[in-house]
Number of protein chains: 2
Amino acid sequence: MKREKPPTIVDVAAEAGVSIATVSNVINRRKVPMSPETIRRVEEAITRLGYRRNVMATNLSRRRSHELGLILPHFGGYYGRFAEKLEQKVHGYGYHLSVFSAAGMDPEIERRHLEHLLQRRVDGLVSHGLAMSIPSTMQLAGEGTPLVIFNGWNWPGDVVKWAVNLDFAGASREAAGYLLARGCRTVVYAGRRHGMGANEQRIAGFLAGVGEHGTEVAHALLDAGELGVAGVLEAALSVGGSASAGPVGIYTFNDALALELLAECHERGIRVPDEVQLIGMDNEPFAKAAFPSLTSFEMPVDLQTSLVAAFLIKQLGEALDEADEALLEQYLAQTVGHELLIPMTMVVRNSTQKGAFHSHP
Amino acid sequence: MKREKPPTIVDVAAEAGVSIATVSNVINRRKVPMSPETIRRVEEAITRLGYRRNVMATNLSRRRSHELGLILPHFGGYYGRFAEKLEQKVHGYGYHLSVFSAAGMDPEIERRHLEHLLQRRVDGLVSHGLAMSIPSTMQLAGEGTPLVIFNGWNWPGDVVKWAVNLDFAGASREAAGYLLARGCRTVVYAGRRHGMGANEQRIAGFLAGVGEHGTEVAHALLDAGELGVAGVLEAALSVGGSASAGPVGIYTFNDALALELLAECHERGIRVPDEVQLIGMDNEPFAKAAFPSLTSFEMPVDLQTSLVAAFLIKQLGEALDEADEALLEQYLAQTVGHELLIPMTMVVRNSTQKGAFHSHP
DNA sequence: CTGTTAGCGCATTCAA
DNA sequence: TTGAATGCGCTAACAG
């Protein structure tokens, strides 16, 4: 624990025999003209001393941190990829991204992270539709820091300028329609209550899809958190009365749940997709490798992060590059209000293809 | 973009009719005696103005950030959980944790994050065995910031005081032995070259396990990155000559790879575990839900993060609580050098239980 | 082209 | 019990 304190700009100036202002100039590659000789001497001094600029001092002085904060519900799957992509994106604009996880929607942890980011005076924030209550968030975020939400619905436009959402409703509508088209006699949605807005969107879309079907169809909304996986499966199987023909279609909150249901089907000798058809969401790597492979929805992470970054960078008064500017305009044109919807595409696999698998022939 | 600048301690002082020193005192020096009246006035002013302390200024003044940095190879699975746990742990000691992902072992990104963390003058660093070269890291980290490594091997003791590692070698040894004991005629290890140290540890342990077997046994080391999943399976099947009796045992770098191999087996009508037995690593949620479920190794995230936190906090000169102190001593006692090894436990499932599954009866 | 100087927001002696 | 003054490391006019 020796830790002699790191060299400062003053040490560098002394070492190079110039003033601190000059050092600052060469560090920040300012426009001001400087003799090559001076630059060389300063740079030498910097490497010789192992100088590293103190960003706290820099930010304090600049009254600008060039730092952005991202709050995620957790680091897994889609969200992790989201974070990495967004980091790359904003780095291209000279911003740094600090990522925090609410460790599974824990409002307390979330609040802590938010508070910390605010105290650090980040220039902007990106957050999922939070676990914290909206008023509580509003109070924290206040009018202050630019905030872009992703996958959050019904945020008042005065606190959130933009919400960049995946069209879970549309996807769910499609899923329901697809299952019905495949001849399912019954369709159910298996959700997770703590999915919050994302869950509600799926429900709304699912119901819409069911409603669009020509004839009346047996359906149900199930909660996996409440019923458990086995409970969901049982409930699903008994919805339409056990005698009717055709498989039961189950559309799940995400691939993880779909996979668990799949395992439960194996356990009970229920054939997929003959007796039960499954559609998940997220298109996780394991969805493809499952047996039978799971039909799911691809997450357009690239597009979503690009849009999020574009909105935030723009709010920060920065100029966007050609591609991002174009992207923004394209989506802005087809958007009403401040909620932007990104369409999703279904990836059809064997869990919805009749006859592709027989567990117990 | 109005953003009137946030209130400072000066504003609060004015509002409360006291000096800034007094404000500072009520905020963080409750030890010094102050009249309750003053405290009340200051606190009122704070809430009235919505004052929030600027940590950059605070840290600059204190010459201490109370912030720790964590660098991960990526956010997925085990690492994500690791981050969340560690965050909780260090929060208990009054530290904040900033997490960064190298986006899949990208040395460039990793360097960027490390540099940023150092510029931010974090009090300590935690990192996986990095993607960056060791010398490059040493130069960066230098003698300066306390650094604890996890799952990193062969780091010189003068730059890394502690390395807290999972015993991948021991687990791999056990895996090989287990497969052999289950009657496998052939055992192979399917790895990922970019797993680096973690991969090498597995290889060493695997070979040791094979070597401990009484008789000579056909085995091989395969690289999934090079051969592809199909290639690995083919190679594995042909290792011992196709005629010999007993299943082929495949021990994989992680569950993801095991699952892909499992899918490939289904594809080709190869029965698991009758013809092929699989053991993965990480005990991901999908390992349990796979069909057949995958034998794997549990990751002791809690224990590992506790130890990492304890080492780092201690290096920072902080006092540990009872439990952590005890934990530290316990492990210190059984450790030689600066590399600490955490034992892992196997979770046996159907992918190694004969007869549990017949894909094509 | 280079140096002087006044902040940035806060913590912390040292006096009062 | 409170306040004035100094410094943390750096940036950004403004002079020279």
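Numbered from 1 within each chain, the chains take letters A, B, ... in sequence-line order.
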Rounded to 10 degrees, the angle between the two terminal axes of the helix from dC1(C)-dG16(D) to dA16(C)-dT1(D), each from five pairs |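 Both end axes considered, the difference amounts to 40°.
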
Side chain of [X] (C-beta onward), nearest among [options]:
X: Ser24(A); options: dC10(C), dT11(D), dA12(D); value: dT11(D)
X: Ser61(A); options: dC10(D), dT12(C), dC10(C); value: dC10(D)
X: Asn54(B); options: dC10(D), dG9(C), dT11(D); value: dG9(C)
X: Ile9(B); options: dT12(C), dG9(D), dA11(C); value: dA11(C)
X: Arg53(A); options: dC10(D), dG3(C), dG3(D); value: dC10(D)
X: Thr22(B); options: dG9(D), dT2(D), dA11(C); value: dT2(D)

Centres of the Phe100(A) and His96(B) rings: under 6.0 Å?
-> yes

Would you please indicate if the ring centroids of Phe75(A) and Tyr79(B) are separated by under 6.0 Å?
->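 Between Phe75(A) and Tyr79(B), the centre distance exceeds or equals 6.0 Å.
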
Which part of the nucleic acid does Val18(B) contact within heavy-atom distance under 4.0 Å: base, sugar-phosphate only, or nothing?
->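 Sugar-phosphate contact only - Val18(B) comes under 4.0 Å of backbone atoms but never of a base.
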
For the pair Glu84(B) (side chain) and Ser101(A) (backbone), establish whether a donor and an acceptor sit closer than 3.5 Å, ignoring hydrogens and angles.
->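 Checked: no pair found.
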
[X] [atom1] to [Y] [atom2] distance, which is reported to the nearest 0.5 Å:
X: Asn54(A); Y: Leu118(B); atom1: CG; atom2: CG; value: 11.0 Å
X: Arg121(B); Y: Arg53(A); atom1: CZ; atom2: CZ; value: 10.5 Å
X: Arg52(A); Y: Thr8(A); atom1: CZ; atom2: OG1; value: 14.0 Å

Does Thr58(A) make a side-chain N or O approach to OP1 or OP2 of dT11(D) shorter than 4.0 Å?
-> yes

Between dG9(C) and Arg63(A), is there an OP1 or OP2 to side-chain N/O distance shorter than 4.0 Å?
-> yes

Given atom CD1 of Ile20(B) and atom P of dT12(C), what is their separation to the nearest angstrom?
->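 After rounding, the reported distance stands at 12 Å.
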
Which residue, Ser35(B) or Ala57(B), contacts DNA chain D at a nucleotide closer to its 5' end, judged by nearest heavy atom?
->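 It is Ser35(B) whose nearest nucleotide is closer to the 5' end.
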
With a 4.5 Å limit on heavy-atom distance, are the side chains of Ser98(B) and Glu87(B) in contact?
->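 No - every pair of side-chain heavy atoms lies 4.5 Å or more apart.
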
